[in-house]
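The structure appears right after this line, and notes come after that.
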4 protein chains.
Amino acid sequence: MSTRNRAAPRKRPRQARAKATVEVILEAAAHVFVSSGYEGTTTKQVAERAGVSIGTLYQYFPSKEALVAMLLERLHQRVLSILSDKLVPHPITDLDQEVRDLMRTLVEAYGVNPRLQRVLLEQASRIGPLQVVQEIEARVETLVQGVLSRNLEFERPRDLGLVVFIIIRALRSAVWSTVVERPELIGTPEFVEELSALVLGYLRPRR
Amino acid sequence: MSTRNRAAPRKRPRQARAKATVEVILEAAAHVFVSSGYEGTTTKQVAERAGVSIGTLYQYFPSKEALVAMLLERLHQRVLSILSDKLVPHPITDLDQEVRDLMRTLVEAYGVNPRLQRVLLEQASRIGPLQVVQEIEARVETLVQGVLSRNLEFERPRDLGLVVFIIIRALRSAVWSTVVERPELIGTPEFVEELSALVLGYLRPRR
Amino acid sequence: MSTRNRAAPRKRPRQARAKATVEVILEAAAHVFVSSGYEGTTTKQVAERAGVSIGTLYQYFPSKEALVAMLLERLHQRVLSILSDKLVPHPITDLDQEVRDLMRTLVEAYGVNPRLQRVLLEQASRIGPLQVVQEIEARVETLVQGVLSRNLEFERPRDLGLVVFIIIRALRSAVWSTVVERPELIGTPEFVEELSALVLGYLRPRR
Amino acid sequence: MSTRNRAAPRKRPRQARAKATVEVILEAAAHVFVSSGYEGTTTKQVAERAGVSIGTLYQYFPSKEALVAMLLERLHQRVLSILSDKLVPHPITDLDQEVRDLMRTLVEAYGVNPRLQRVLLEQASRIGPLQVVQEIEARVETLVQGVLSRNLEFERPRDLGLVVFIIIRALRSAVWSTVVERPELIGTPEFVEELSALVLGYLRPRR
DNA sequence: GATGAATGAGGCTTCATTCAT
DNA sequence: AATGAATGAAGCCTCATTCAT
């Protein structure tokens, strides 16, 4: 319980000013985490960039980990909301297009501040499996698996769970690596096309 | 150069005893890095696990970074030797089998102590682009690209460099994630089959 | 500038408590430097003697050098204020008395915590030419040279700069050595008399 | 006894080779002490510069202090031999010339590797009053005092011990400072002339 | 005698966190 | 609520010295 609590926010801000303070701190934290990494980031730096005192920071976040936890929660909410918006069940007309849309959605989701995602997820595993993260990951997998199971049939028997597991990691890694190593490609149609090819080729039965 | 190269080993061991010491330190470092991560690892822990004094450690490695650099070098030598052994140019008979072999080789290479690979590569980028790493990555890409360019033809025009970039990240990530999250799958034929499907499907022109 | 200036104080204390802390740390540092020398002094010793934690020390002084730099600045301010107070230009009546007063002033200035002066000046040269020190030394030389040039005439041509250079070192050394080796003499009229004789004899043309 | 012994050489070298080794170590030590200061000097540096192993160094000198002690002894032997050679009692003809010779001798003595003298004497006081040093200093003072007492008469009563004390410090400091701050002046007739003026003026009764 | 590998106490410094104001 | 001064555990690293070979 004590461990779990370290990562929990200290108090929910009630007043408008307090809410603004929390926002500004989180923004600052995101910025510093991205540019300095988790260990390279000091709470003082975050406070300074946020323009608040270190004491104020600790009033809202009882530890450095709590910053990670909160950011992780937010980030995943954003990722999840993207997925939920786009993956509402609906009648399928064009299978190919369907799968392609799904992938585009995943790429879009992983493209939300990917450097921050990287830093945070790295910590997520160290902090101990944060419930938020696990939940989200599970939901993403479920969503994807749902779409696929409703729409695909394989010639040979395949473990759909494994397929989804692999797809997600492959896509995520491709997106993140590209952000870091070839940022100029992000957003080009060519890049999206290749990612789609990766996934569609994988899902489509081979001759 | 002397001041800057914190990552270079401090001295070449001359006596047999010293060589053994270096080995034992590196083994210890690998172990602790894997279990505690780079920042979570202290030089004292490494020395203790190696059964040597902290002074001895610093006699051979002038900094924590130097441990990473040395391990990185060794790891890559191993990875590269796997690749070189298997990817010797030779007459192609069965294209499908050929590509599948290539992928198996990559999986094998990324399966060499993957948790350590993860920790080290993460640091590699922070330490500054270590030559060893860049070289290796370049050579892997070149090798793969070579095999592919000799054996594949695409219906639509594709940027082969981008294709290889994506394949490598996708494969690597899939292997690493599996080691961490589903270790029981590593080595199963099913897993290898899926990875092959991922790559072959990607490379094969879609109908 | 930020990286290089290890000798600059880290932050200006705002609250009254902080100011008091800075004072107490500087006093402690002066004491320990005098009794143990620069290298013999550890920052921990200083913090302990000041009755603050080591962290507090580093909050205000980013390094051991910064302690030296600050003490040097203070010491020289004191020395300079003594000189400025006494060496205000004024009409000369008794030349002999005039020079004697000048010397008395120098002795008084070098007599301000001379053991500390020794330790600090030794470091000043190692730290790299601190501006404060150079400025002060230059001003002392200028002041002395000014008084002398307005009041002395030599039979043979002499390099007044060299004369001043020698006088200052000779006086300073005599004062400092006496503090260390014959402290009982400091302040006796006899001692002052001899120093005056040293300087006046030097300045007065020989027959 | 244990403290005293730290500074004593470990063994007298008997063989020629051993003697050469000791010499080469001492030369190296002198060099490194001068360029890096006492604390800045590591025994390993000394060994390396001497071209011997650290083990060999410790075979002849049981500690870093022992190096200082030995160098101090040698240096003072040299200083003392200069003084002894020149200050042999002899009939006085020209008083003025006599005193001037004495001063020249002192300057010459203090000019023998003055930077090393500075480093060593600094340590001498920290190591604890080394007998060698005290003896030498005493002998120098005695010698000088002897010459002066036989040849000078003052109008007013003066403490000759104090006079000598002051002269020696004044001269030494002037020489050493000049080496550090105005090396180009060392050896010029002008510089010697000023030092002589300093001393002669001091000794000669004022009108 | 020589070598250099090994030791470990101890130094400097950072930074997450607490708490008095 | 906010501030920022104070804390101190803990990390990295150096270097004088010992000792097995």
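Below, chains carry the letters A, B, ... as their sequence lines are ordered, and counting in each starts from 1.
- B/Q59 places its CD atom 10 Å from the P atom of E/dT7, with the value rounded to the nearest Å.
- Although no hydrogens or angles enter the test, the distance criterion places a donor-acceptor pair under 3.5 Å between the side chain of D/H76 and the main chain of D/L72.
- For the pair C/T43 and A/T43, both in contact range of DNA chain E, the more 5′-proximal nearest nucleotide belongs to C/T43.
- Computed from coordinates, the C/E48 CD to F/dG8 P distance equals 11 Å when rounded to whole Å.
- Exactly one residue among D/N113, D/T41, D/V119 makes a side chain to side chain contact (heavy atoms under 4.5 Å, CB included) with D/V34. That residue is D/N113.
- The side chain of B/Y60 contributes an N or O atom lying less than 4.0 Å from OP1 or OP2 of E/dA6.
- The phosphate of F/dT7 (OP1 or OP2) has a side-chain N or O of C/S53 nearer than 4.0 angstrom.
- The separation between B/F61 atom CZ and E/dA6 atom P is 12 Å, rounded to whole Å.
- Taking 4.0 Å as the cut-off between side-chain N and carboxylate O, A/R118 and B/E122 do not count as a salt-bridged pair.
- Distances shorter than 4.0 Å separate none of the side-chain N or O atoms of A/K44 from OP1 or OP2 on E/dC15.
- Looking at heavy-atom distances under 4.0 Å, A/T42 makes contact with sugar-phosphate atoms alone, never a base.
- Screening B/K44, B/E39, B/Q45 against B/T42 for a side-chain hydrogen bond (donor to acceptor under 3.5 Å, both in side chains) leaves a single residue, B/Q45.
- Applying the 4.0 Å criterion to OP1 and OP2 of F/dA5, one finds that C/T21 has every side-chain N and O outside that range.
- With a cut-off of 3.5 Å on both Watson-Crick or G-U wobble distances, the partner of E/dA20 is given as F/dT3.
- The 5' end of DNA chain F is approached more closely, in terms of each residue's nearest nucleotide, by A/L57 than by the other of A/L57 and B/Q45.
- The nearest heavy atom of DNA chain F to D/T41 and to C/G55 marks one nucleotide each, and the one closer to the 5' end goes with C/G55.
- Put simply, CD1 on C/I25 is 12 Å from P on F/dA5, counting in whole angstrom units.
- One atom, OH of C/Y58, and another, P of F/dG8, lie 16 Å apart when rounded to the nearest Å.
- Distances were taken from every side-chain heavy atom of D/T56 (C-beta onward) to each of E/dT3, F/dT3, F/dT7; the shortest belongs to E/dT3.
- The separation between C/E23 atom CD and F/dA5 atom C1' is 16 Å, rounded to whole Å.
- At a threshold of 4.5 Å between non-hydrogen side-chain atoms, the residues C/E27 and C/H31 do not count as touching.
- Distance, D/K19 NZ to E/dG1 P: 12 Å, rounded to whole Å.
- Counting to the nearest Å, the P atom of F/dA1 and the CD1 atom of A/I54 are 18 Å from each other.
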